[in-house]
Amino acid sequence: MNEIVDILANIGFSVRTGPMIESDRNNFTALNIPENHPSRDLQDTFYLDNNHVLRTHTSPIQIRTMESEKPPIRVLAPGSVFRSDSDTSHSPNFHQIEGLYIDEKVSMADLKGTISYFVQEFFGKGIKTRFRPSYFPFTEPSAEMDCSCPICKGKGCRMCKHTGWIEIGGSG
């Protein structure tokens with residue numbers, strides 16, 4: 001996480017943090033997640049009481065930042081998050097890093113440029129990025145982000161399931 005933060009600090013991002021126990025308002029309501037949304041279900045969220053949860057993402061940090069700072073804003077929100085997943089392919093506690101960039105004339109081109117810069121710095125020169133249209137209920141427009149496999153350089157191997165690409169995240 002420190003390496004990721006350092007790379008993005010080079011282009012003006014700074015870190016904001018927040019509590020791991022979060023209000024329902026900051027974790028869901030302020031993010032326009034309706035009360036009947038599946039992410040609020042007990043199988044996805046650790047509820048501590050009717051109004052508090054273990055944060056399910058670092059987006060509440062974005063809410064706190066937007067309520068306390070005026071644009072332009074260019075921040076990273078790294079930290080532990082919790083999901084009540086019970087299958088063997090998911091951990092109930094993992095780390096996430098979100099970026100928030102608010103300013104006049106910011107577009108998807110800025111997002112693509114930021115991700116491409118990060119991939120080149122993190123995985124090395126020559127690693128390509130691609131964006132695929134996708135749907136996330138929390139961003140519009142949304143995209144899945146992939147990078148060419150840093151192991152086989154896009155030729156296909158077990159790591160990338162012989163596709164030459166590895167999904168690195170969602171964005172919007």
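Across Val5 and Pro78, no two heavy atoms sit closer than the pair CG2-CG, 4.5 Å. Across Ile127 and Cys147, no two heavy atoms sit closer than the pair CG2-CB, 3.9 Å. Heavy-atom minimum distance, Trp165 versus Lys128: CZ3-O, 3.8 Å. Minimum heavy-atom separation, Ala30 to Asn26: CB-CA, 4.5 Å. Of all heavy-atom pairs between Arg25 and Ile63, the closest is NH1-CG2, 3.9 Å. Between Gly126 and Gln120, the closest heavy-atom pair is N-OE1, 3.4 Å.
Atoms CG and CD, on Asn51 and Glu22 in that order, are 12.0 Å from each other to the nearest 0.5 Å. The CG atom of Asn10 sits 7.0 Å away from atom CD of Glu121, with the distance rounded to the nearest 0.5 Å. Atom CZ of Arg74 sits about 12.0 Å away from atom CD1 of Ile102, to the nearest 0.5 Å. To the nearest 0.5 angstrom, Ser23 atom OG is 11.5 Å from Leu48 atom CG. Interatomic distance, Ser142 OG to Phe131 CZ, rounded to the nearest 0.5 Å: 12.5 Å. Interatomic distance, Asp146 CG to Arg132 CZ, rounded to the nearest 0.5 Å: 4.0 Å.
The closest side-chain heavy-atom distance from Arg40 to Asp24 is below 4.5 Å. Contact annotation: the side chain of Ile166 approaches that of Met159 to within less than 4.5 Å [non-hydrogen atoms, C-beta and beyond]. Residues Ile151 and Cys160 have side chains not in contact (no heavy-atom distance under 4.5 Å, counting atoms from C-beta outward). Under the 4.5 Å side-chain criterion, counting only non-hydrogen atoms from C-beta, Glu144 is not in contact with Arg130. When side chains are defined from C-beta on, Ile7 does not count as touching Phe13, because their heavy atoms never get closer than 4.5 Å. Using a 4.5 Å heavy-atom threshold, the side chains of Ser171 and Ile115 count as separate. Using a 4.5 Å heavy-atom threshold, the side chains of Met66 and Leu100 count as touching.
At a cut-off of 3.5 Å, with distance as the only test, a side-chain donor of Asn27 or Thr56 sits close to an acceptor on the other residue. Residues Arg64 and Thr17 have side chains that never bring a donor and an acceptor to within less than 3.5 angstrom of each other.
Annotation: Ile11, atom CD1; neighbour count of heavy atoms from other residues, nucleotides and ligands within 6.0 Å is above 12. Counting non-hydrogen atoms of neighbouring residues, nucleotides and ligands closer than 6.0 angstrom, the CE atom of Met1 exceeds 12 such neighbours. Counted within 6.0 Å of CG on Asp103, heavy atoms from surrounding residues, nucleotides or ligands total more than 12; the atom is thus considered enclosed. Other residues, nucleotides and ligands contribute more than 12 heavy atoms inside 6.0 Å of the CD atom of Glu67. The neighbour count for Met20 CE, taken as heavy atoms of other residues, nucleotides or ligands under 6.0 Å away, does not exceed 12.
At least one donor-acceptor pair under 3.5 Å links the side chain of Glu98 to the backbone N or O of Ser59. Formation of a donor-acceptor pair under 3.5 Å by the Lys153 side chain with backbone atoms of Pro150 is found in this model. Checked by atom type and distance alone, the side chain of Tyr117 never pairs as donor or acceptor with a backbone atom of Leu8 at under 3.5 Å. Here the side chain of Arg55 pairs no donor or acceptor atom with the backbone of Gly79 at under 3.5 angstrom.
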Query raised in the report: Passes side chain to side chain contact (heavy atoms under 4.5 Å, CB included), Val81 versus Thr58? Steps please.
Result: CA-CA 7 Å; Val81 298; Thr58 57; 3.7 Å; yes
Query raised in the report: Is there a side chain to side chain contact (heavy atoms under 4.5 Å, CB included) between Ser84 and Phe46 once you walk through the steps?
Result: CA-CA 6 Å; Ser84 186; Phe46 288 109; 3.9 Å; yes
Report task. Test Val119 against Met145 for side chain to side chain contact (heavy atoms under 4.5 Å, CB included), laying out the working first. Result -> CA-CA 10 Å; Val119 165; Met145 305 166 311; over 6 Å; no
Requested in this report: Apply side chain to side chain contact (heavy atoms under 4.5 Å, CB included) to His37 and Phe28, showing your working.
Outcome: CA-CA 9 Å; His37 192 275; Phe28 296 120; over 6 Å; no
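When the side chains of ILVMFWY residues are joined at heavy-atom separations under 4.5 Å, either directly or via intervening members, Val15 and Ile61 end up in two distinct hydrophobic clusters. Cluster membership for Leu76 and Ile4, using ILVMFWY side-chain heavy atoms within less than 4.5 angstrom, is shared.
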